[in-house]
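On a predicted model such as this, the values are computed, not experimentally measured, just so you know. For the numbers below, each heavy atom of this structure counts, side chains included, while hydrogens, waters and symmetry mates do not. Counting starts at 1 for both ligands and their atoms, following the listed order.
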Amino acid sequence: MSRQITASTCCYCGVGCGVLIEHDGERILGVSGDPAHPANFGKLCSKGSTLHLTGDLNARALYPQLRLGKALARGRSDWDSALDHAANVFAATIAEHGPDSVAFYISGQLLTEDYYAFNKLARALVGTNNIDSNSRLCMSSAVVGYKRSLGADAPPCSYEDLELSDCVMIVGSNMAYAHPVLFRRLEEAKARRPQMKVIVIDPRRTDTCDLADLHLAILPGTDVALFHGILHLLLWEDWVDRDFIQAHTQGLPELKSLVRDYTPQMVSQLCGISVEQLQQCAEWVGTSPSFLSLWCMGLNQSTAGSAKNSALINLHLATGQIGRPGSGPFSLTGQPNAMGGRETGSLSNLLPGHRDAANAEHRAEVAAYWGVEQLPQNTGLSAIELFEQMASGKVKAVWIACTNPAQSMPDQTAVRAALQACPFVVLQEAFHTTETAAFADLLLPAASWGEKDGTVTNSERRISHVRKAIPAPGEARSDWAITVDFAQRLEKHLRPEHSSLFAFETEAQVFDEYKHLTSGRDLDLSGISHAVLDAIGPQQWPFPTGAREGTARLYLDRAFPTATGRAQFVAEPYRAAKEQRDARFPLTLITGRLRDQWHGMSRTGTAAQLFGHVSEAVLSLHPDELRRHRLQPGDLVSLKSRRGAVIVPVSSDDSVRPGQAFLPMHWGDRFLKGGVNTLTVPAFDPLSKQPELKHSAVRLEPAQLPWHLFALIEGDVQQNFETLRQLCETFSYVSFSLTGRERPALLIRAASASAPDPQLLREIDQCLGLNEGPVLAYDDPRRAIGKRVRIEHGSITAIRLAGETLARHWLQNLWQEGRADEQLRRWLLAPLSAPPGNANAPTAGNSIVCNCKNVSQSVIEAGIAQGLDLQGLKRSLGCGTQCGSCVPQIKRLLTAQAQPVAINP
Ligand SMILES: Nc1nc2c(c(=O)[nH]1)N[C@H]1C(S)=C(S)[C@@H](COP(=O)(O)OP(=O)(O)OC[C@H]3O[C@@H](n4cnc5c(=O)[nH]c(N)nc54)[C@H](O)[C@@H]3O)O[C@H]1N2
Ligand SMILES: Nc1nc2c(c(=O)[nH]1)N[C@H]1C(S)=C(S)[C@@H](COP(=O)(O)OP(=O)(O)OC[C@H]3O[C@@H](n4cnc5c(=O)[nH]c(N)nc54)[C@H](O)[C@@H]3O)O[C@H]1N2
Ligand code: SF4
Ligand SMILES: [Mo]
């Protein structure tokens with residue numbers, strides 16, 4: 001078939017960029033930014049622009065698989081038998097143990113139509129509120145914040161406000177990595193109007209700080225104290241909008257008496273910043289003509305997440321900085337359709353149309369619309385509670401869709417035990433490779449990006465039509481269709497005498513039924529349909545019936561959807577994070593995102609190119625901490641929390657403070673033995689029930705693992721991955737990654753206390769193709785050292801080093817360059833394994849900064865040493881000229897020797 005273009009959206013972050021998918025009707029061939037889409041006007045970041053390189057078919061779930069007993073393996077099934085079986089199990093469980101013995105755990109990455117089908121299934125058909133989503137780990141504190149302070153879960157701003165603002169406060173958000181295309185927009189605005197003030201509040205000095213006039217490296221978890229301290233100064237200096245407060249708010253007196261105690265001295269101490277920094281921050285907030293705040297997980301993922309959100313919104317209410325261009329509290333949504341989830345009621349405590357499950361009137365409205373007698377009254381379980389009740393045996397059947405809890409939930413030991421204990425686990429997944437898939441009794445293959453149709457809402461309330469470009473592979477089906485098919489089968493058990501609640505044939509029909517549940521509500525989007533979006537493009541809600549265009553900003557009239565019409569000041573004291581560092585666990589572990597990986601890496605982890613920036617999970621520690629612990633960069637340590645331990649290499653990184661440590665969130669048990677979330681704490685916020693993923697107490701212990709393994713193999717990456725992962729299970733440290741842009745290869749690093757049984761090494765070699773054929777080998781059994789290299793047509797195709805792995809960087813470079821020369825032969829046959837010359841380059845220098853143009857850090861540093869500036873580097877090396885995601889890092893390399901932006905105490 002000829003080449004075609006389908007306009008759709010990127011399936012990663014909540015910026016919601018429009019993409020043009022190039023395809024031939026069967027395969028996706030390329031992707032570019034959609035110039036007509038108002039979220040990105042043609043731009044894409046390093047993840048969006050590599051979408052077509054991801055999604056290896058060998059990693060995709062292609063047909064239903066069923067296991068008929070925990071001890072058995074899953075076998076191939078077909079849709080009819082699989083869904084009939086699931087309906088039988090769910091019906092029997094509900095009949096015997098009641099509707100609350102089953103649960104649904106879904107995802108902010110589903111489409112609105114998928115959510116709606118799941119909600120109707122759980123609440124109307126099954127009769128349970130046990131339907132929660134991974135947005136509980138992500139946005140639920142923002143939901144509480146908006147509802148408590150403003151009356152509805154509605155971010156009032158537009159992306160355009162980033163360009164119009166005079167003072168932008170970015171707090172608990174690393175936009176440069178997590179919302180890159182929006183960050184580009186802010187960079188451009190600041191370049192045009194350098195007088196615009198940018199404040200970044202983050203314990204770490206992230207790439208986002210590159211744009212900051214002021215970086216407040218507050219101690220983790222102290223945001224509420226900081227916001228109260230700012231308000232204290234705003235009130236003291238009279239930098240407040242008294243008319244606005246008088247006419248449109250309530251509750252200031254209580255808050256005033258609370259923040260009286262938050263003196264600059266006290267706040268400076270609590271937050272670990274200087275009084276001058278605090279004053280500077282308050283002055284800019286209080287005196288700038290417009291003030292916009294942007295926030296993300298640094299606020300939400302906290303046991304004080306709701307308090308942090310409200311304390312920040314307090315600042316907008318005190319200054320009247322809301323409902324005006326360039327101002328307002330603007331929560332950045334993480335997942336592409338977390339907003340749609342909130343709209344359709346996909347948290348256990350919500351109902352469709354921004355309604356509450358605890359509100360009898362709301363329940364009656366939705367029940368009447370659905371034509372069922374009533375909706376369930378029992379409080380539904382939130383994510384952490386749901387897994388607790390799976391472990392305790394109360395939840396006996398769970399349906400998981402589009403999320404990977406065996407990677408992303410905190411306290412993995414407990415989560416995996418819960419999945420193991422639950423009698424029936426259904427998983428609706430696009431990739432069969434995820435950690436959770438191992439626990440699924442029924443695996444249902446889902447269509448994924450480029451293969452499904454529906455709608456999503458981005459951070460600025462803008463609804464886009466997601467369009468299908470190609471058919472899903474194998475027997476994979478769209479999520480809404482799987483859900484509706486299952487629901488129809490379950491209805492035969494639960495409501496045999498009624499007509500179907502799920503008589504949907506297309507996504508558009510699902511949307512049309514859903515949208516009327518928003519009529520007359522704050523988010524009224526009843527004027528939107530798939531056809532309207534096709535005709536006039538993506539639109540921001542509210543968009544009521546009869547509207548011609550969407551709504552860019554809310555609260556222009558200063559009327560808030562609360563009972564009194566006034567916005568609410570919320571007075572809650574600062575409470576420290578749950579797990580403070582102490583003598584036994586002296587470090588605070590922060591977790592967060594990297595630029596080029598997405599969550600558990602089921603998709604991004606299939607593209608070798610996306611490992612170029614950071615190739616393995618490394619613990620960032622301040623140089624002082626390395627010295628204190630007598631560690632060298634690259635050393636393996638055992639990182640322990642009260643819940644478990646993982647082994648990781650350390651790096652020296654002065655962007656974290658002493659007393660803190662940072663680990664990227666992406667590595668689950670598949671890529672790093674144990675996975676990062678083995679360490680994290682399941683404590684959650686009392687109102688939002690969002691867990692404190694950003695903050696756990698840990699300690700370092702030396703990992704005495706002198707025996708090392710390094711291997712590289714070209715070829716079928718997924719196949720090798722599965723086999724080698726099983727073989728490597730006995731090692732204490734195991735880390736997998738991909739490398740190579742043109743010839744993808746799998747990389748393994750492992751370590752253990754002593755040399756393994758030689759038989760195990762032979763099995764590993766067998767998988768690597770190193771037991772026969774054109775293989776050069778050297779073995780020193782006495783020292784348990786061995787090296788093997790396979791050379792085909794003059795190039796290396798597989799490597800295995802055992803015992804010690806000093807030559808790994810050198811060998812990887814030879815492989816990369818397709819060289820297998822005399823030097824290699826000489827080194828191989830020599831008893832000492834040290835690589836020739838000084839070729840033992842550390843990984844940092846090899847890391848790829850610019851993914852689009854494949855330019856490494858060492859090359860950029862060499863350019864800087866020659867005197868090139870940003871423009872010069874762009875011109876001569878090409879780095880930073882395409883998607884721009886690497887520009888903040890290049891600027892940081894440029895200023896590495898100069899004065900840091902932070903005014904550090
Ligand atoms: N590349 C990439 N982009 C993504 C994603 C991805 O996986 N990869 N995921 C998407 C999703 S779902 C989400 S939710 C967003 C998350 O986007 P962000 O929230 O921006 O990303 P994180 O790195 O999780 O955390 C942001 C920052 O919070 C800081 N922080 C930690 N503790 C505190 C604290 O107590 N106070 C303050 N003020 N800051 C603190 C961390 O140091 C970190 O730099 O990213 C979205 N975009
Ligand atoms: N330590 C730590 N842990 C964290 C965080 C943190 O900052 N630190 N952040 C938390 C946050 S904010 C979030 S949002 C979560 C994310 O956690 P998860 O939801 O577990 O993240 P993903 O890996 O994106 O999972 C989505 C899954 O859906 C699959 N999938 C993709 N497309 C489709 C589709 O169309 N249909 C179906 N059915 N499946 C599909 C993917 O293969 C993937 O396995 O992680 C949380 N966990
Ligand atoms: S910023 Fe990047 S990841 Fe987010 S939607 Fe746009 S292209 Fe996708
Ligand atoms: Mo998220």
Side-chain angles (χ1 to χ4, degrees), residues 9-19 31 33 37 39-40 43-51 55 59-61 105-111 114 133-139 175 178-184 296-298 300-301 333-336 338 383 400-410 412 427-437 444-452 454 458-459 466 472 476-479 482-483 589-593 597-605 663-668 675-677 679-681 690-694 696 883 885:
T9 61
C10 172
C11 63
Y12 296 125
C13 85
V15 178
C17 297
V19 297
V31 60
H37 198 289
N40 57 318
K43 290 198 171 65
L44 293 178
C45 74
S46 51
K47 292 181 299 302
S49 58
T50 47
L51 263 169
R60 291 294 301 272
Y105 183 56
I106 60 176
S107 163
Q109 296 168 60
L110 289 170
L111 307 183
D114 305 332
S133 93
N134 63 359
S135 288
R136 188 66 69 180
L137 316 180
C138 183
M139 301 312 303
M175 283 180 82
H179 298 89
V181 167
L182 262 193
F183 192 67
R184 285 302 80 73
C296 207
M297 292 308 117
N300 294 351
Q301 287 172 344
T333 32
Q335 299 175 88
I400 300 169
C402 200
T403 177
N404 182 14
Q407 192 276 331
S408 54
M409 295 266 294
Q412 276 298 313
L427 178 66
Q428 195 168 310
E429 239 299 341
F431 292 82
H432 68 77
T433 47
T434 71
E435 285 81 358
T436 308
L444 300 173
S448 184
W449 175 79
E451 305 156 0
K452 54 194 288 199
N458 72 4
S459 293
V466 177
R477 297 171 69 186
S478 294
D479 288 288
I482 301 173
T483 310
L589 177 70
I590 302 173
T591 62
R593 280 149 181 85
Q597 293 295 351
W598 179 260
H599 296 164
M601 311 199 281
S602 61
R603 178 179 281 283
T604 48
L663 202 53
M665 65 158 296
H666 306 288
W667 276 263
V676 171
N677 276 320
L679 302 165
T680 47
V681 59
Q690 180 159 352
E692 195 146 61
L693 288 159
K694 287 274 175 280
S696 357
C883 81
S885 295

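Atom 6 (Fe) of ligand 3 lies under 2.8 Å from an N, O or S atom belonging to Cys17. In summary, no N, O or S atom of Cys10 is located under 2.8 Å from atom 2 (Fe) of ligand 3.
Of all atoms in ligand 2, numbered sequentially from 1 with element shown, those under 4.0 Å from a heavy atom of Gln335 are 14 (S). Taking every heavy atom of Lys47 and a limit of under 4.0 angstrom, the matching atoms of ligand 3 come to 3 (S). Each of the following atoms of ligand 3 lies closer than 4.0 Å to a heavy atom of Pro180: 1 (S). Distances below 4.0 Å separate heavy atoms of Tyr12 from the following atoms of ligand 3: 3 (S). Using a 4.0 Å cut-off to heavy atoms of Thr591, the atoms of ligand 2 that qualify are 1 (N), 2 (C), 6 (C), 8 (N). Interface atoms of ligand 2 facing Ser602, defined by a heavy-atom separation under 4.0 Å, are 41 (C), 42 (O), 43 (C), 44 (O). Within ligand 2, counting atoms from 1 as listed, the ones closer than 4.0 Å to a heavy atom of Asn134 are 18 (P), 19 (O). Proximity to Gln301 (heavy-atom distance under 4.0 Å) selects the following atoms of ligand 2: 5 (C), 6 (C), 7 (O), 9 (N), 10 (C), 11 (C), 12 (S). If you number the atoms of ligand 3 from 1 as listed, the ones under 4.0 Å from a heavy atom of Gly16 come out as 5 (S). In summary, the atoms of ligand 2 found under 4.0 Å from a heavy atom of Asn677, numbered by their order in the structure, are 1 (N), 2 (C), 3 (N). Interface atoms of ligand 2 facing Ala447, defined by a heavy-atom separation under 4.0 Å, are 34 (C), 35 (O), 36 (N). In the vicinity of Gly600, heavy-atom distances shorter than 4.0 Å reach the ligand 2 atoms 23 (O).
Using a 4.0 Å cut-off between heavy atoms, Cys11 makes no contact with ligand 2 at all. With a 4.0 Å cut-off on non-hydrogen atoms, Gln109 touches ligand 2 through its side chain and not its backbone. If you look at Leu137 next to ligand 2, the close heavy atoms, those under 4.0 Å, come from the backbone and the side chain alike. Residue-level proximity to ligand 2 for Lys452 is carried by the side chain, the only part with a heavy atom below 4.0 angstrom. When non-hydrogen atoms are compared, ligand 2 lies under 4.0 Å from the side chain of Lys694 (C-beta onward) but not from its backbone. Counting heavy atoms closer than 4.0 Å to ligand 2, residue Gln407 contributes nothing at all. When non-hydrogen atoms are compared, ligand 2 lies under 4.0 Å from the side chain of Ala446 (C-beta onward) but not from its backbone. Here Trp449 has no heavy atoms under 4.0 Å from ligand 2, in either its backbone or its side chain. Under 4.0 Å from ligand 2, not a single heavy atom of Thr436 appears.
Closest to atom 4 (Fe) of ligand 3, if we only count protein heavy atoms, is Cys13 SG, 2.3 Å. With respect to atom 45 (O) of ligand 2, the closest heavy atom belonging to the protein is Ser408 CB, 3.4 Å. Nearest protein heavy-atom neighbour of atom 4 (C) of ligand 2: Leu693 CD1, 3.5 Å. The protein heavy atom nearest to atom 22 (P) of ligand 2 is His599 CB, 3.5 Å. The protein heavy-atom contact nearest to atom 44 (O) of ligand 2 is Glu429 OE2, 2.3 Å. In terms of protein heavy atoms, atom 2 (Fe) of ligand 3 is closest to Cys45 SG, 2.3 Å. Protein heavy atom nearest atom 33 (C) of ligand 2, with residue, atom name and distance: Cys402 SG, 3.6 Å. Here the heavy atom of the protein found nearest to atom 36 (N) of ligand 2 is Asp479 OD2, 2.7 Å.
The shortest side-chain heavy-atom distance between Met665 and Leu693 does not fall under the 4.5 Å cut-off. Put simply, the side chain of Thr434 reaches to within 4.5 Å of the side chain of Leu427, judged on heavy atoms. Considering only heavy atoms from C-beta on, Asn404 stays 4.5 Å or farther from Phe431 through its side chain. Annotation: side chain of Met297 is in contact with side chain of Gln690 (closest heavy-atom distance under 4.5 Å). Contact check for Cys11 versus Arg603: side-chain heavy atoms found under the 4.5 Å cut-off. At least one side-chain heavy atom of Leu182 sits under 4.5 Å from a side-chain heavy atom of Met175. Proximity of His599 to Ser408: side-chain heavy atoms (C-beta onward) are nowhere separated by under 4.5 Å. Counting heavy atoms from C-beta outward, Thr436 and Pro405 have side chains that approach closer than 4.5 Å.
Thr9 places no side-chain N or O within donor-acceptor distance of the main-chain N or O of Gly16, the cut-off being under 3.5 Å. Although no hydrogens or angles enter the test, the distance criterion places a donor-acceptor pair under 3.5 Å between the side chain of Asn134 and the main chain of Gly108. Side chain of Asn300 to backbone of Cys138: a donor-acceptor contact under 3.5 angstrom is found. The backbone N or O of Gly605 lies less than 3.5 Å from no partner atom in the side chain of Trp598, so there is not a single donor-acceptor pair. Arg60 contributes a side-chain N or O that, together with a main-chain N or O of Ala430, makes up a donor-acceptor pair within less than 3.5 Å. In this structure a side-chain-to-backbone donor-acceptor pair under 3.5 Å is missing from Thr591 to Leu663.
Using modelled atom types and a 3.5 Å distance limit, the side chains of Asn677 and Gln412 yield no donor-acceptor pair.
Summarising the contacts of atom 12 (S) of ligand 2 with Met665, Arg593, Met139, the nearest heavy atom is found in Arg593. Across the listed options Val181, Asn458, Leu182, Val181 owns the non-hydrogen atom lying nearest to atom 1 (S) of ligand 3. The heavy atom nearest to atom 32 (N) of ligand 2, considering only Ala59, Ser448, Gly108, Pro664, is found in Ser448.
At a 4.0 Å cut-off, not a single heavy atom of Asn40 sits close enough to ligand 3 to count as contact. Residue contacts with ligand 2 do not include Glu451, since none of its heavy atoms lies under 4.0 Å from the ligand.
Around NZ of Lys694, the count of heavy atoms belonging to other residues, nucleotides or ligands within 6.0 Å exceeds 12.
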